[in-house]
Amino acid sequence: TIIDWNKQAEKLLGYPFKDVKGKKVYLILDTQHEVLLINEYSSGHAELNFIHKTGALVACQTSFQTMGSGAVKFVFLIMQDVTKHKQIESGLHQAYEDLAVQIKEHNTILSLTNSALLQNLRERDNIEKNLRESEKRFRLLAENATDMIARLTPGGIYLYVSPASYALLGYHPHAMI
């Protein structure tokens, strides 16, 4: 039974003292926590949910002291509203979870991008290797052919002339380039 109530309790839970005087503590204490105060604890600290006049739960860091014995017990409560703290804590936890998901998504994207880059590099290395081998085969063929082989620009400027140019035209390849 509630026998006293200060102005801060009125402000915290929305009930004027006249509305709670003589009422059972169940009116303001969330049922999942009522046993904690009514049991044989003589004193302690706990985070308890109280019920505001509007029906909203108010999370409070609560210190309590039980006095008396037998059927007559008095419980003194000192309550500090931690509802906003809990909301902020919950928001931070949600932001942390959201950030963890974003980091995981970005890591997945980075991993896929790195894999694609590595594949592109392997393909490029393979293409360059094939090009070098093709150039070796071309030079081997061009330098040993009895026919003159030349590579020219669209404007007719020689870029490459095979050694057969000397036997066929009397000009060394380097003189024609």
According to the ring-ring contact (aromatic ring centres under 6.0 Å, His included) rule, which pairs have a member within residues 103-125, sequence neighbours left out?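 Listed once each, the pairs would be none.
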
When the side chains of residues 128-150 are checked against the rest of the protein, which donor-acceptor pairs come out under 3.5 Å, sequence neighbours left out?
from	atom 1	to	atom 2	distance (Å)
E128	OE2	R124	NE	3.2
N130	ND2	N126	O	3.4
N144	ND2	L140	O	2.8

State the [atom1]-[atom2] distance between [X] and [Y], to the nearest 0.5 angstrom.
| X | Y | atom1 | atom2 | value |
| --- | --- | --- | --- | --- |
| Q8 | I78 | CD | CD1 | 12.5 Å |
| S90 | Q94 | OG | CD | 7.0 Å |
| F17 | D4 | CZ | CG | 5.0 Å |
| T83 | E89 | OG1 | CD | 12.0 Å |

Taking transitive links into account, so neighbours of neighbours count too, which hydrophobic residues share a cluster with [X] at under 4.5 Å side-chain distance?
| X | answer |
| --- | --- |
| Y96 | none |
| L92 | I88 |
| I103 | L99 |

In one Ile/Leu/Val/Met/Phe/Trp/Tyr side-chain cluster, 4.5 Å: W5, L77: yes

Do V82 and I28 sit in one hydrophobic cluster, given that two such residues count as connected whenever their side-chain heavy atoms are within less than 4.5 Å of each other, even indirectly? no

Measure the shortest side-chain to side-chain distance between H85 and Q61 over non-hydrogen atoms and say whether it is less than 4.5 angstrom. no

Answer yes or no: is there a side-chain heavy-atom contact under 4.5 Å between L159 and T153?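 Side-chain contact under 4.5 Å: yes.
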
With no hydrogens and no angle check, just 3.5 Å: does a side-chain donor-acceptor pair link Q102 and D98?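 Note: Q102 and D98 side chains miss the donor-acceptor criterion.
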
Can you name the closest pair of heavy atoms from I51 and L13 and give their distance?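 Heavy-atom minimum between the residues: O-CD2, 4.2 Å.
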
At their closest point, which heavy atom of L12 faces which heavy atom of M79, and how far apart are they? CD2-CE, 3.6 Å

Can you give the donor-acceptor pairs under 3.5 Å from side chains of residues 165-177 to other protein atoms, not counting sequence neighbours?
from	atom 1	to	atom 2	distance (Å)
S165	OG	S162	O	3.1
S165	OG	Y171	O	2.9

So, [X] side chain and [Y] main chain: donor-acceptor pair closer than 3.5 Å or not?
| X | Y | result |
| --- | --- | --- |
| S63 | H45 | no |
| T113 | I109 | yes |
| T108 | K104 | yes |
| T62 | C60 | yes |

Salt bridge check: are K53 and D19 linked by an N-O gap of less than 4.0 Å? yes

Evaluation steps, side-chain hydrogen bond (donor to acceptor under 3.5 Å, both in side chains), between E10 and N6: CA-CA 7 Å; E10 286 183 14; N6 65 20; over 6 Å; no

After noting the C-alpha distance and the side-chain angles of L29 and F50, does the key distance pass the side-chain contact (heavy atoms from CB on, under 4.5 Å) rule? CA-CA 5 Å; L29 192 58; F50 291 86; 3.5 Å; yes

